[in-house]
There are 2 protein chains.
Amino acid sequence: MGAANSENPHIIRVKAGTVLFSPGQECQGFVKVHSGRIKVFLTAENGREIILYRVERGDICLQTFGCLVNQQLYSAEGRAENDVEIEIIPRPEFNRLIVSDTAFRDQVFSAVAARFKYFEFLIETVALSSVEVRLARILLRLMDDNKNVHATQEMLASEIGSAREVVSRQLNVFAAKGLVKIMRGKILLIALEKIEKIAKQSV
Amino acid sequence: MGAANSENPHIIRVKAGTVLFSPGQECQGFVKVHSGRIKVFLTAENGREIILYRVERGDICLQTFGCLVNQQLYSAEGRAENDVEIEIIPRPEFNRLIVSDTAFRDQVFSAVAARFKYFEFLIETVALSSVEVRLARILLRLMDDNKNVHATQEMLASEIGSAREVVSRQLNVFAAKGLVKIMRGKILLIALEKIEKIAKQSV
DNA sequence: TAATTATGTGTGACAAAGTCACAGACGGCG
DNA sequence: CGCCGTCTGTGACTTTGTCACACATAATTA
């Protein structure tokens, strides 16, 4: 990738939990994540949250894209989920790279396209799907190699834009059907095929 | 705008109601709208719809952006709301313009940024806001110069990702408070300030 | 180890929103 | 006028969200 050369001075390291940006702020440059993971989310007045997307190693943060291009302010909050290394690409440099560096341009465009697709999926999910379907989808997406989902019910709720109690009840429905095993801070997926079947429904 | 020159042969005219693209299709080129309006929306299995955004005169359709850049298939449906003239910019031409035509590039980037901002607003709206707030917001957005909203309750429901019956009930609540006057296919906004106050709530 | 605290989970009761079925009401139009 | 398609209203019920609080588990400290 032409963007990140070894002598680039714009590398910043931040600790897990750091708030990188929050609604209303201005931003200084285009952000590219070198390691770690950032979650970008919205918070309502009543405290309920919904996670818009995550920016992982190699990804570029499109929240900053909007800020830079249209002089918009941040509309969401970004927080480091673990220790993170990011590269800040100043605006002039960004403009130069877009024109001169085909690989960089392709990466940006590809990220934009992917984020659009995901946003449409997210809107479809929250606007048109039931909690049952949303929960099944997020369990599959967060599952590790051992079919475990390491997340509290609170975290799952913010992933699907619902409330913790609702997640608790739906998980117990799944457990009663033998689809999952509920543990503290962890869920084991047992009947993967059945969960996938639920996730494929559109409602 | 450098993109549209007068001898461009890629102008297409379509009638109101025409389906321009639907989920699963491939697309041939980047779409720019010269006149008319296209609505881009998602439909669930149970028939409920949500409108993602509209593409109006001068706008570019970013649904096609994703298709072109990442070889994705369309994930939403696009339908002409009135008679529409669109320009199709083939992929090679698009790539050439992005590099060589600063104004074109700025327009594309600006559209991308604006769409992102709107998507985040939409997600916040459907995931974290009540029907009361969402309905107030859409009434204000669709209002014409005479404070009239020309839309059936069915249309309003798909704008806010809810159901017609729910819109009917909420409108009657608004009417009982003297905020609006309900007519067939039309709603007159009476107490604009009060509606705006509701719209400003986050929940 | 036992007590304390913080965090995570379960649940009843109620409110808000979505679904289903159906009844009217209104606006063309023959 | 009467017919028909579209739009709107409403009761009954289900699902989801909210609030209050009880209880369980893990981490911390005495």
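Per chain, numbering begins at 1; letters A, B, ... match sequence-line order.
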S.K.: Enumerate the protein-to-nucleotides 13-15 of chain D contacts in which both atoms are nitrogen or oxygen and the separation is below 3.5 Å.
M.R.:
none

S.K.: Could you state the CD-P distance from B:Glu45 to C:dG18, rounded to the nearest angstrom?
M.R.: 18 Å
S.K.: Name every residue in residues 163-180 of chain A that has at least one heavy atom under 4.0 Å from any atom of DNA chain C, in order of residue number, or write none if there are no such residues.
M.R.: A:Arg164, A:Glu165, A:Ser168, A:Arg169, A:Asn172
S.K.: Determine yes or no for a side-chain-to-main-chain donor-acceptor pair under 3.5 angstrom, with A:Arg48 supplying the side chain and A:Gly161 the backbone.
M.R.: yes
S.K.: In this structure, how many angstroms lie between the C1' atom of C:dG18 and the CG atom of A:Leu128, rounded?
M.R.: 12 Å
S.K.: How long is the straight-line distance from CD1 of A:Ile38 back to CG of A:Leu20, given to the nearest 0.5 Å?
M.R.: 4.5 Å
S.K.: Is B:Glu77 close to B:Pro23 at the side-chain level, that is, under 4.5 Å between some pair of heavy atoms?
M.R.: yes
S.K.: Apply side-chain contact (heavy atoms from CB on, under 4.5 Å) to A:Tyr53 and A:Arg115, showing your working.
M.R.: CA-CA 8 Å; A:Tyr53 52 86; A:Arg115 205 63 84 202; 3.5 Å; yes
S.K.: Can you pull out the residues from residues 136-158 of chain B that lie within a 4.0 Å heavy-atom distance of DNA chain C?
M.R.: none
S.K.: To the nearest 0.5 Å, tell me how far B:Thr43 OG1 sits from B:Asn46 CG.
M.R.: 10.0 Å
S.K.: Have a look at A:His34 and tell me which of A:Arg57, A:Arg13, A:Glu87, A:Glu85 forms a side-chain hydrogen bond (donor to acceptor under 3.5 Å, both in side chains) with it.
M.R.: A:Glu87
S.K.: Tell me which one of A:Arg54, A:Lys39, A:Arg164 satisfies salt bridge (charged side-chain N to carboxylate O under 4.0 Å, His left out) with A:Glu159.
M.R.: A:Arg54
S.K.: Could you give the NZ-to-P distance, from B:Lys186 to D:dT8, as a whole number of Å?
M.R.: 12 Å
S.K.: What's the CZ-P distance between B:Arg48 and C:dC20, to the nearest Å?
M.R.: 10 Å
S.K.: When you measure from the side chain of A:Asn146 to the backbone of A:Asn148, do you find a donor-acceptor pair of N or O atoms at a distance under 3.5 Å?
M.R.: no
S.K.: What is the distance, to the nearest angstrom, from the CD atom on B:Glu132 to the P atom on D:dG17?
M.R.: 18 Å
S.K.: For B:Lys15, is there any backbone N or O sitting under 3.5 Å from a side-chain donor or acceptor partner on B:Asp83?
M.R.: no
S.K.: How long is the gap from SG on A:Cys61 to CZ on A:Phe21, to the nearest 0.5 Å?
M.R.: 4.0 Å
S.K.: Taking the side chain as everything from C-beta on, heavy atoms only, tell me whether A:Gln63 gets closer than 4.5 Å to B:Glu120.
M.R.: yes
S.K.: Rounded to the nearest angstrom, tell me the gap between atom CD1 in A:Ile50 and atom P in D:dG17.
M.R.: 11 Å
S.K.: How close or far is atom C1' of C:dT9 from atom NZ of A:Lys181, stated in whole angstroms?
M.R.: 14 Å
S.K.: If you look only at pairs with a residue in residues 161-201 of chain B, which of them pass as a ring pair (Phe, Tyr, Trp, His ring centres under 6.0 Å), with sequence neighbours excluded?
M.R.: none
S.K.: Between protein and nucleotides 24-30 of chain C, map the contacts as a letter string: B base, S sugar-phosphate only, - none, heavy atoms under 4.0 Å, written 5' to 3'.
M.R.: -BBS---
S.K.: Got a sec, which residues hit side-chain hydrogen bond (donor to acceptor under 3.5 Å, both in side chains) with B:Thr125, two or more places apart in sequence or on another chain?
M.R.: B:Arg137
